Trainee: 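Would you mind keeping the following structure in view while I ask a few things?
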Amino acid sequence: MPAPLRADPAAARANRRRRAAVLALLAAVPVPLVALGAAAPAQAQRRVVGGNAASTVDHPWIVALASRQQFGSGRSGQFCGGALVSPTKVVTAAHCFYDEAKGRVERPGLKVIVGRDDMRGTSGREVPVQSVWIHPDYSFAANMDDVAVLTLAESQGSRPVVELVGQGETGPYAAGTRAQVYGWGDTTGRGDYSPVLRGVDVSVVPDQTCAHAYPGGQDGKFDARGMVCAGEDKGGKDACQGDSGGPLVVGGRLVGLVSWGTGCAEAAHPGVYTRVSSVADAVRSVL
Ligand code: 4AZ
């Protein structure tokens, strides 16, 4: 369990990296915005995702994680993304179930929303979740093995699922490959959560480049054993808070899960994703 914030430098660093994620969650509930302003990142962040509207009609396996009880109903309670990988299983990020201050947290009334592009609406279905599996080696402090599998209480029948890249199968997403990331997250880095699903094209970043971007210390540490980065050299396109757990896809296969990063869409700070080819066997063992 991570130490209380600011009690140790590692926790403080994790806090800096994910500070806005906490804001994301706060912003979704009726909290005075002035209170948020006090804690908001000082640096201006560029328009995220720099992406476009996307649809669950085209990508029926993209799902939202939601808790109306915790985050209010304005956006259906959406707080993370995920991907349907079998009729009853959703892959997402473990950190969607963690809190800077409390460590592992409950998400009362947790639902997986399928077939809803606009979180202000009621299309599709809100499916109850039977259980949440967190990777046994997940580290909140190191952001390692940031993967969870949700078991749905109701089968999604013939709804199309997305295929995981294989364990150790890195070929399909070699550095420079174009990938797509999707989510309902922040579009500016200032807590502007998108009501509608968005997607953006990013480029897989060489491990060495990402190791330079995140050497440890304030910006966090990239570890290629369990992470892969994607973005643009100039910035401008990225995942952001609220997109966490959402899919990074290459050629229609799931290669990454939105995990962490410094800011959003900043030059020289690509988005960091859970490397699915490192956790595929562990995930498959619970499917
Ligand atoms: C987050 O806090 C988060 N720009 C997600 C993605 C990125 C940074 C932070 C990548 O959930």
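Both ligands and their constituent atoms are indexed starting at 1 by order of listing. Everything numeric here is computed off the predicted structure, so don't read it as measured data.
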Trainee: With respect to G271, determine whether any N or O atom, backbone or side chain, lies less than 3.5 Å from an N or O atom of ligand 1.
Mentor: no
Trainee: Under 4.0 Å from a heavy atom of V258: which atoms of ligand 1 are those, numbered in the order shown and with their elements?
Mentor: 5 (C), 6 (C)
Trainee: Can you run down the salt bridge (Lys or Arg N to Asp or Glu O under 4.0 Å) pairs that involve residues 147-156, sequence neighbours left out, and say none if there aren't any?
Mentor: R125-E154
Trainee: Show me which atoms of ligand 1 lie under 4.0 Å from any heavy atom of D238.
Mentor: 4 (N), 10 (C)
Trainee: If the cut-off is 4.0 Å to any non-hydrogen atom of H95, which atoms of ligand 1 fall inside it?
Mentor: 11 (O)
Trainee: Under 3.5 Å between some N or O of ligand 1 and some N or O of G263?
Mentor: yes
Trainee: Would you mind listing which atoms of ligand 1 come within a distance below 4.0 Å of any non-hydrogen atom of S244?
Mentor: 1 (C), 5 (C), 11 (O)
Trainee: Less than 4.0 Å is my threshold; does some heavy atom of G185 fall inside it relative to ligand 1?
Mentor: no
Trainee: Taking ring-ring contact (aromatic ring centres under 6.0 Å, His included) as the test, write out the residues that go with W133, two or more places apart.
Mentor: H135
Trainee: For ligand 1, note which part of C240 has a heavy atom under 4.0 Å away: side chain, backbone, both or neither.
Mentor: backbone
Trainee: Can you tell me how the ring of Y214 sits relative to the ring of H269, calling it parallel under 30°, perpendicular over 60° and tilted otherwise?
Mentor: tilted
Trainee: With R198 as the cation and Y182 as the aromatic partner, state whether NZ or CZ is under 6.0 Å from the six-membered ring centre and within 45° of the axis.
Mentor: no
Trainee: Answer yes if the side chains of K111 and S67 hold a donor-acceptor pair under 3.5 Å, and no otherwise.
Mentor: no
Trainee: Mind listing the closest non-hydrogen atom pair of K221 and W260 along with its distance?
Mentor: O-CZ2, 3.4 Å
